[in-house]
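These numbers come from the heavy atoms of this one structure, side chains and all, not from hydrogens, waters or symmetry mates.
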Amino acid sequence: VIKCLRDYIDDQGFVEVETPILTKSTPEGARDYLVPYRLKPGLFYALPQSPQIYKQLLMLARLDRYYQVARCFRDEDGRADRQPEFTQFDMEMSFIEPEDIQGVVEGAYQHLFHEVMNMDIQLPLPRMTWRDAMARYGSDKPDTRFGMEINDVSDTVRGCGFAVFENALADGQIVCAITAKGAGKLSRKELDALGEFVKTYHVKGLAWAVPGEDGSLRSSFAKAMQGDSMQRLLTQMDCQPGDAMFLIADKKLVALTALGQLRLRLGKELGLIDRSQYNLLWITEFPLVSWDEEDQRFVAEHHPFTAVMDEDVTLMETDPGSVRAKSYDLVMNGIEMGSGSIRIHQSELQAKMFQLIGFSQEEAQEKFGFLLEAFQYGTPPHGGFAFGIDRLVMILSGADSLRDVLAFPKIQNGTCLM
């Protein structure tokens, strides 16, 4: 896989540059691994979460196209598609827009699939905004190999009489639903288990309805519905006899995320996913920042060097939560395969971004003074992308976990059996 990517990227005129492993700690979304510095007790190097700072400095140093096979380290909770150390194929280009770097990435994937899998993929790849992905699939990395898309049914159930829905809507929340075709065979015990499952995603509960072939209706909430509101709901959701409809009422992103996870679980349990498919698509226009309830401040959704959509710059001061970033993820079969963005290249905008995520001028200077100073000498517009090599091998080999494709993986709690 790496050889295929190297061959293709070399042909596109990129220069391979190695960047340091012992580096400076920078905020990039996860906790750092630290290495004590023997000669100066109390000081530490950090292992890089990605070569982000170095990529940008190379662009400032007038390199036009850079790449490297980079080892990255992140202290995160274990998952099937995560390891504490992993390999990225990192690249950066100057004087570009998102479409330019996406074109290079798509070409690399087309070459890779042809050489490794003997398959042809059609370009350009589909694109979907983050907002659409969340609204339709409840995920920023949607698995599009099956349907069961989410519907906002808030208007349909407004005034229905069911207190759970009415109270949620009165609080400015939403009611959303999915229809699982063929799920009418689920027992009450199995339906209750699904209710417990969604609660792990911070929602209060799950409403469900199962129409019978004889015109009957099994439901957790139908008795509380007034007038024809239940029938209108079943009609909107195309819930036929033999199907099951599931609804969640809560804060918008919380409800969508929980229902998205239920969709994935049902897709697997009902055998709706075609494992021979490789569905690739771009997710674009991510939020620039998100609100951290614990720290009571905004944090960078991607990293603090991500450029802002031009038309949203003025919103940074008035409505930060609605600001969109020039960032993009490549998703395959419900897994993030790589991530990238256009970077901020103006000192003023970078300073405004640091201020937005709670850095004082002194803190920004202490952590990133070298970068802010470099910006003073004229910075080209630039952007990059990082291919997740381990995840790519995992999907192409049909494995379910990164541990299945690594020679010496860490186990679930991050420890090493060696």
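- Cation-pi contact between R74 and Y33: absent, since separation from the ring centre below 6.0 Å together with deviation from the ring axis within 45° is not met.
- Note that R127 lies outside the cation-pi zone of Y328, set by a 6.0 Å cut-off to the ring centre and a 45° limit from the axis.
- Side chains of T179 and D243: no donor on one and acceptor on the other come within 3.5 Å.
- Ring-plane geometry between F387 and Y109 is classed as parallel, the angle between the planes falling under 30 degrees on a 0 to 90 degree scale with a further cut at 60.
- Checked by atom type, the side-chain pair S50/Q88 shows no donor-acceptor distance below 3.5 Å.
- To the nearest 0.5 angstrom, E106 atom CD is 7.0 Å from Q102 atom CD.
- No donor-acceptor contact under 3.5 angstrom links the side chains of R158 and T156, judged on distance only.
- Under the 30°/60° scheme for interplanar angles, the aromatic rings of Y201 and F197 are found to stand perpendicular.
- Using cut-offs of 30° and 60° for the angle between ring planes, the F354 and F305 rings count as perpendicular.
- Y45 is not listed as a side-chain neighbour of I21, based on a closest heavy-atom distance of 4.5 Å or more.
- Judged by distance alone, the side chains of Q240 and D238 do bring a donor and an acceptor atom under 3.5 Å apart.
- Looking at R136 and E149, a side-chain N of the basic residue comes within less than 4.0 Å of a carboxylate O on the acidic one, giving a salt bridge.
- Side-chain N/O atoms of T306 and R343 include no donor and acceptor closer than 3.5 Å.
- In this structure, L112 and M117 have side chains that are not in contact, with every pair of non-hydrogen atoms separated by 4.5 Å or more.
- Judged by distance alone, with hydrogens and angles left aside, the side-chain atoms of N279 form a donor-acceptor pair with the main-chain N or O of T144 at under 3.5 Å.
- Ion pairing between E348 and K352 fails under the 4.0 Å rule for side-chain N and carboxylate O.
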Hey, mind stepping through D312 and R324 against salt bridge (charged side-chain N to carboxylate O under 4.0 Å, His left out) and telling me if it holds?
CA-CA 7 Å; D312 289 359; R324 296 166 299 160; 2.8 Å; yes
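- At a threshold of 4.5 Å between non-hydrogen side-chain atoms, the residues V210 and K185 do not count as touching.
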Pair K326-D310, salt bridge (charged side-chain N to carboxylate O under 4.0 Å, His left out): steps then yes or no:
CA-CA 9 Å; K326 289 185 180 179; D310 297 341; 3.2 Å; yes
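- Residues E285 and M309 are in side-chain contact: their nearest non-hydrogen atoms beyond the backbone lie under 4.5 Å apart.
- A donor-acceptor contact closer than 3.5 angstrom links the side chains of S94 and D64.
- Using a 3.5 Å distance cut-off with no hydrogens or angles, the side chains of E92 and Y66 do not pair a donor with an acceptor.
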Would you sort out whether E85 and R71 count as a salt bridge (charged side-chain N to carboxylate O under 4.0 Å, His left out), showing the intermediate values?
CA-CA 7 Å; E85 51 181 317; R71 202 67 174 157; 3.4 Å; yes
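- Side chain to side chain, Q277 and N333 fail the donor-acceptor criterion of an N or O pair below 3.5 Å.
- W208 is not listed as a side-chain neighbour of F221, based on a closest heavy-atom distance of 4.5 Å or more.
- Salt bridge absent: K141 and D329 never bring a charged side-chain N and a carboxylate O closer than 4.0 Å.
- A donor-acceptor contact shorter than 3.5 Å is absent between the side chain of T23 and the backbone of A46.
- For D404 and S401, the side-chain atoms include no donor-acceptor pair closer than 3.5 Å.
- For the pair D400 and R275, the salt-bridge criterion is met [side-chain N within less than 4.0 Å of a carboxylate O].
- When the options F89, F14, W282 are evaluated for a ring pair (Phe, Tyr, Trp, His ring centres under 6.0 Å) with F385, the one that passes is W282.
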